[in-house]
Amino acid sequence: MSRGRVGVIVAPANPSAEPELTRLLGSRADMHVTRFPVHHPIPAARHPLSAGRPGPALAERLESYNEALPAMVHAFDGLPLSAMVMACSEPRYLLDPDRDREQCAELTARTGVPFASATLAAREAMEHLIVSDIVLVSPYQPWLTELAERFWKKAGLTVTRVVQVRAAGGYSPYTVTPAELIRQVELADLPGDAALLFTGSGTATLPVLGPLSTGNDRVLLTSNLCTAWWALSRAIGRPVTLSRVPYRRHMAASNGARVGGMA
C-alpha cells in the first residue's frame with residue numbers, strides 16, 4: 001500500500017509526541033522525525049528577559065525553537081514528504097496567532113510541502129468541528145498558560161475556563177501523569193458538553209480521553225490529536241473526518257485502520 005510520509009519536528013526532550021503520533025497515524029502514513037537543537041540557556045542574571053519576566057531560561061529556549069524553525073524544515077534534505085508539522089505548542093504561544101499562521105504559509109511556500117505548527121493544526125481542527133468556546137487544559141507554568149490563553153482569545157476563540165494542571169513535582173508538561181491529568185480535570189467539574197483543548201504535545205494525553213469522555217458529550221482535542229489529523233489529511237490526499245468525541249472508540253489493535261474518531 002502506498003503511504004504518505006509525514007515529517008515531524010519535536011523538542012529534544014519531548015517524550016510523548018512520537019508515541020502518540022505513531023498510534024494516531026497508524027498504517028496510513030509513515031513518520032520521520034527530527035529534533036530541535038539542544039539549547040543551553042544564558043544564566044538568568046545575564047538574560048535580557050530576566051527583568052520582570054517569569055521563567056527566563058524556558059522563555060529563551062522556546063524562542064530558540066521559533067528562531068531555528070526556518071532552518072529545521074530543511075533537516076529532511078531530499079526526503080519526499082506529504083506533510084510537515086512542528087509538534088511543539090509552547091514556542092508558538094510567544095507569537096501572535098496571525099504570525100503563527102503566516103509563518104506556516106511561508107514555510108509551505110518555501111519547501112513545497114504543506115506545513116503546520118501544532119497550534120495551527122488545533123485552530124483548523126476547531127474550525128472543522130465548528131468549535132468557538134473552549135476550556136483550555138494546560139500543564140505549563142502559569143505565565144506560559146496566560147500566554148496560551150491570550151493566544152487562543154486573539155485567534156477568535158472564547159476561553160470559558162482554564163484548568164491549570166500540575167505534576168507532583170511542579171509544573172511540567174513532560175512529567176504530569178495521565179492519572180494526575182484525569183484527576184485535576186475531574187475536580188474542575190466541567191460541563192458535560194464542554195469543548196476541551198489539552199495543549200502540550202509532550203504530555204501523554206491519549207490515555208485520558210476515554211475516561212474523560214465517558215457519560216458526556218464533550219469535545220476532546222489534544223495537540224497531538226489535532227496535529228495527526230492535520231498531517232494525515234495531507235498525507236492521504238483527502239480530508240479526514242474528525243468526530244466531535246474523537247476518542248470515544250478504542251484504538252484499532254494493530255493495523256491502524258481507524259484512529260479514535262478519525263476516519
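Since we're looking at a predicted model, the values are computed, not measured.
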Of all pairs that satisfy side-chain hydrogen bond (donor to acceptor under 3.5 Å, both in side chains), the ones with a partner from residues 65-85, not counting sequence neighbours: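 As it turns out, the side-chain hydrogen bond (donor to acceptor under 3.5 Å, both in side chains) pairs with a partner in residues 65-85, which skip direct neighbours, are Asn66-Arg92.
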Same cluster for [X] and [Y] if Ile/Leu/Val/Met/Phe/Trp/Tyr side chains link at under 4.5 Å?
X	Y	answer
Phe36	Leu120	no
Tyr174	Val208	no
Val113	Leu79	yes
Leu62	Leu95	no
Phe198	Tyr171	no

side-chain hydrogen bond (donor to acceptor under 3.5 Å, both in side chains) partner of Tyr93, the single match among Thr119, Thr199, Thr145: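 Single side-chain hydrogen bond (donor to acceptor under 3.5 Å, both in side chains) partner of Tyr93 among Thr119, Thr199, Thr145: Thr199.
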Positive for side-chain hydrogen bond (donor to acceptor under 3.5 Å, both in side chains) with Glu20, one of Asn224, Thr227, Thr203, Thr222: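 For Glu20, the side-chain hydrogen bond (donor to acceptor under 3.5 Å, both in side chains) check succeeds only for Asn224.
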Full working for salt bridge (charged side-chain N to carboxylate O under 4.0 Å, His left out) between Arg5 and Asp30: CA-CA 5 Å; Arg5 293 193 182 107; Asp30 293 324; 5.3 Å; no
Worked verdict on Arg218 versus Glu186 for salt bridge (charged side-chain N to carboxylate O under 4.0 Å, His left out): CA-CA 13 Å; Arg218 292 173 181 156; Glu186 289 180 338; over 6 Å; no
Any side-chain donor near an acceptor of the partner, Ser117 and Asp100, under 3.5 Å: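 Yes.
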Asn216 (side chain) donor-acceptor with Leu212 (main chain) under 3.5 angstrom: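 Yes.
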Donor-acceptor contact below 3.5 Å, side chain Arg23 vs main chain Pro19: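 Judged by distance alone, no pair lies under 3.5 Å.
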Option passing side chain to side chain contact (heavy atoms under 4.5 Å, CB included) with Val163 (candidates Leu187, Val135, Leu136):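 So the option named by the test is Val135.
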Geometric cation-pi criterion Arg150 and Trp152, 6.0 Å radius, 45° cone: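 Ring-cation test returns no.
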Separation between CD of Glu149 and CD1 of Ile134, rounded to the nearest 0.5 Å: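 These two atoms lie 9.0 Å from each other.
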Derivation of the salt bridge (charged side-chain N to carboxylate O under 4.0 Å, His left out) call for Arg110 and Glu106: CA-CA 6 Å; Arg110 182 186 306 175; Glu106 291 166 4; 5.5 Å; no
